[in-house]
Number of protein chains: 2
Amino acid sequence: MPKKSKDSYHHGDLRQALIDAAIVLLRERGINDLSLREVAKRAGVSHTAPYRHFNDKHALLCAIAAVGFKRLADAMQQCIAQDPQNPLKQLQASGLAYVRLAVQYPDITHLMFGGALGYENLPADLIEVSDAAFGGLLQIIDNGKQAGLYQDEDTMSLALVVWSSVHGLSMLISAGKLQDHVKNQDDVDCMAELVTRFLLSGIKSDKLGAPE
Amino acid sequence: MPKKSKDSYHHGDLRQALIDAAIVLLRERGINDLSLREVAKRAGVSHTAPYRHFNDKHALLCAIAAVGFKRLADAMQQCIAQDPQNPLKQLQASGLAYVRLAVQYPDITHLMFGGALGYENLPADLIEVSDAAFGGLLQIIDNGKQAGLYQDEDTMSLALVVWSSVHGLSMLISAGKLQDHVKNQDDVDCMAELVTRFLLSGIKSDKLGAPE
DNA sequence: ACCTGAACACCGTTCAAGT
DNA sequence: ACCTGAACACCGTTCAAGT
């Protein structure tokens, strides 16, 4: 029987195996001590094999960041699907999901938003999945806007303000800057609720009553 | 004439010269291509000389981050000093200053808040100057609270919400994630104003009128 | 005290060679 | 097509040695 096209040679999918090994290593050692040679060793191949699947170390790091953006984009869509008729709940759920992902995967989060990948020359597929994540948030805001939930400001401005607030909380927690005030999962959820609540009462149309 | 104590040997202050060279190199090459050996070469000393002043590369990076936090702390104090009787203006000015510093020094900002330094084992002087920066913001919030500017929420919660929003905007801009919407200094200022405005109308006491 | 050069283990990347 | 081992230039860090 002839071998299947993709199930060739070693694992069948060395590219994915390298990404998986790199994510584990990133969590174990941090971004500064992640070496391509060690990733290859973990995946069981020679230290030059990764170059068959990635142009260089930067490309592998970009692939990890893409995994993070994919998780974020999926979470946004799930928030919409869970309460299709309730844009307010969509917003609250998306803020919570954003912060939880950042806390769960701090290293990937910093890879996604820190300066480690540089500010340009990012691969097209990374840009694409990053735009998809922001697009989900835009959709949530637009849902609320059409329901008359927000002040008369354009959707993009509203989305940028919401994104900034939730993103800032996520980065501060995942960087350990709020260690004294946010110690466990309950504190994380509580802070996310607090930020979302203040944000809502700020951007919410004056014509509507209290959120509950 | 005998040499002055600190003006010894090469520069008089090799420690500072190394920090300065490292900051330049950081901006030129990015965090991933900053090498201790190149920093030493730029400062005109052998590649082992830095170890007289820093335990390791991590310690030098921490010193750079400390410079960034010092700038931030100073900016907060300046915002207070500029309008001692106007807590609202203090808040607006501090948000603007925060974002501007992040845009001006994106690499140092990511060093301060990204995961490159790890999440623990940070030197005491870095923690200290970092706390000073946040302390300035706390003071600004407390000033406004005593003036009846904000809702009846404890100062720490208010400060964390404000910090998150402004921090998020700063990180998104300095990471280039808003390139399509924030292209120049005017856009930066405009976005900072937008975030601060929404934030204020959210946390502002209902008993007061419009901010102007 | 402060700096140096040699040394060690490791890294990212290239390339001719193997199957 | 996919993988390998040798090679190159570079890195962080240590250490005995110089003034």
Side-chain angles (χ1 to χ4, degrees), chain A residues 1-26 28-65 111 116-118 121 123, chain B residues 1-26 28-65 111 116-118 121 123:
Chain A
M1 54 173 83
K3 280 190 281 190
K4 287 293 182 75
S5 62
K6 271 249 172 183
D7 293 304
S8 67
Y9 253 72
H10 256 112
H11 323 67
D13 194 352
L14 179 55
R15 185 189 146 87
Q16 191 58 49
L18 289 167
I19 293 176
D20 293 343
I23 288 177
V24 172
L25 205 54
L26 178 64
E28 282 181 20
R29 308 219 185 146
I31 179 70
N32 284 325
D33 295 312
L34 187 155
S35 86
L36 209 50
R37 291 170 100 110
E38 178 73 17
V39 168
K41 187 185 287 182
R42 293 277 182 105
V45 293
S46 81
H47 65 269
T48 58
Y51 288 91
R52 290 293 122 201
H53 300 275
F54 300 98
N55 275 329
D56 49 22
K57 186 181 180 182
H58 182 259
L60 175 58
L61 294 180
C62 285
I64 298 176
L111 203 52
L117 299 181
N121 296 329
Chain B
M1 58 172 82
K3 283 190 280 192
K4 286 295 181 71
S5 62
K6 271 253 172 180
D7 293 306
S8 65
Y9 255 72
H10 258 111
H11 322 65
D13 195 351
L14 179 55
R15 185 190 146 88
Q16 191 59 48
L18 289 167
I19 293 175
D20 293 342
I23 288 176
V24 172
L25 206 54
L26 178 63
E28 283 181 20
R29 308 219 184 146
I31 179 70
N32 284 325
D33 295 312
L34 187 155
S35 87
L36 209 49
R37 289 170 100 109
E38 178 72 17
V39 169
K41 186 184 290 183
R42 294 275 183 107
V45 294
S46 80
H47 65 270
T48 58
Y51 288 90
R52 290 293 122 200
H53 299 276
F54 300 98
N55 275 329
D56 49 22
K57 186 181 179 180
H58 181 259
L60 175 58
L61 294 179
C62 285
I64 297 176
L111 204 51
L117 299 180
N121 298 327

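Proteins come first, then strands; the chains are lettered A, B, ... in the order of their sequence lines, and each starts at number 1.
Between B:H53 and C:dC3 there is a side-chain polar atom (N or O) within less than 4.0 angstrom of OP1 or OP2.
Take the nearest nucleotide of DNA chain C for A:K57 and for B:A49: the residue whose nucleotide is more 5' is B:A49.
B:R42 is listed as a side-chain neighbour of B:L25, based on a closest heavy-atom distance under 4.5 Å. Side-chain atoms of B:D20 and B:Q16, non-hydrogen and from C-beta on, do get closer than 4.5 Å to each other.
The shortest heavy-atom contact between A:A116 and A:L111 is CB-CD1, 4.1 Å. When all heavy atoms of B:L36 and B:Y51 are compared, the closest pair comes out as CD2-OH, 3.6 Å.
Of the candidate nucleotides D:dG12, D:dC15, C:dG12, D:dC15 has the atom lying nearest to any side-chain atom of B:T48. Listed nucleotides C:dA6, D:dA7, D:dC11 differ in distance to B:H47; the shortest reach to its side chain belongs to C:dA6. Closest to the side chain of B:D56, out of D:dT14, D:dC3, D:dT13, is D:dT13. Taking the side chain of B:V45 as heavy atoms from C-beta on, and the options C:dT4, D:dT4, D:dC3, the nearest nucleotide is C:dT4. The side chain of B:S46 lies closest to C:dC3 when the candidates are C:dG12, C:dC3, D:dA6. In the set D:dT4, C:dC2, D:dT13, the nucleotide with an atom closest to the side chain of B:L36 is D:dT13. When each of C:dT13, C:dC3, D:dC2 is scored by its nearest atom to the side-chain atoms of A:R52, the top-ranked nucleotide is D:dC2.
Here D:dC10 presents its P atom at 16 Å from CG of B:L34, a figure rounded to the nearest Å. Atom pair A:N55:CG and C:dG12:C1' shows a separation of 14 Å (rounding to whole Å applied). For the pair A:N32 CG and D:dC11 C1', the interatomic distance rounds to 13 Å; values are reported in whole Å. Atom OH of B:Y51 and atom C1' of C:dA6 are 15 Å apart (whole Å). Atom CG in B:L25 sits about 10 Å away from atom P in D:dG12, given to the nearest Å. Distance CZ (B:F54) to C1' (D:dG12): 15 Å, rounded to an integer number of Å. Spacing between atom CG of A:D33 and atom C1' of C:dC11 amounts to 11 Å, rounded to whole angstrom units. For the pair A:R37 CZ and D:dC3 P, the interatomic distance rounds to 17 Å; values are reported in whole Å.
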Working for side chain to side chain contact (heavy atoms under 4.5 Å, CB included), residues A:I31 and A:L61: CA-CA 9 Å; A:I31 179 70; A:L61 294 180; 4.1 Å; yes
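Among the protein residues, A:S35 comes within range of the sugar-phosphate backbone only, with heavy atoms under 4.0 Å from sugar or phosphate atoms but none that close to a base.
Remark: C:dC15 base-pairs with D:dG5; criterion is Watson-Crick or G-U wobble with both hydrogen-bond distances under 3.5 Å.
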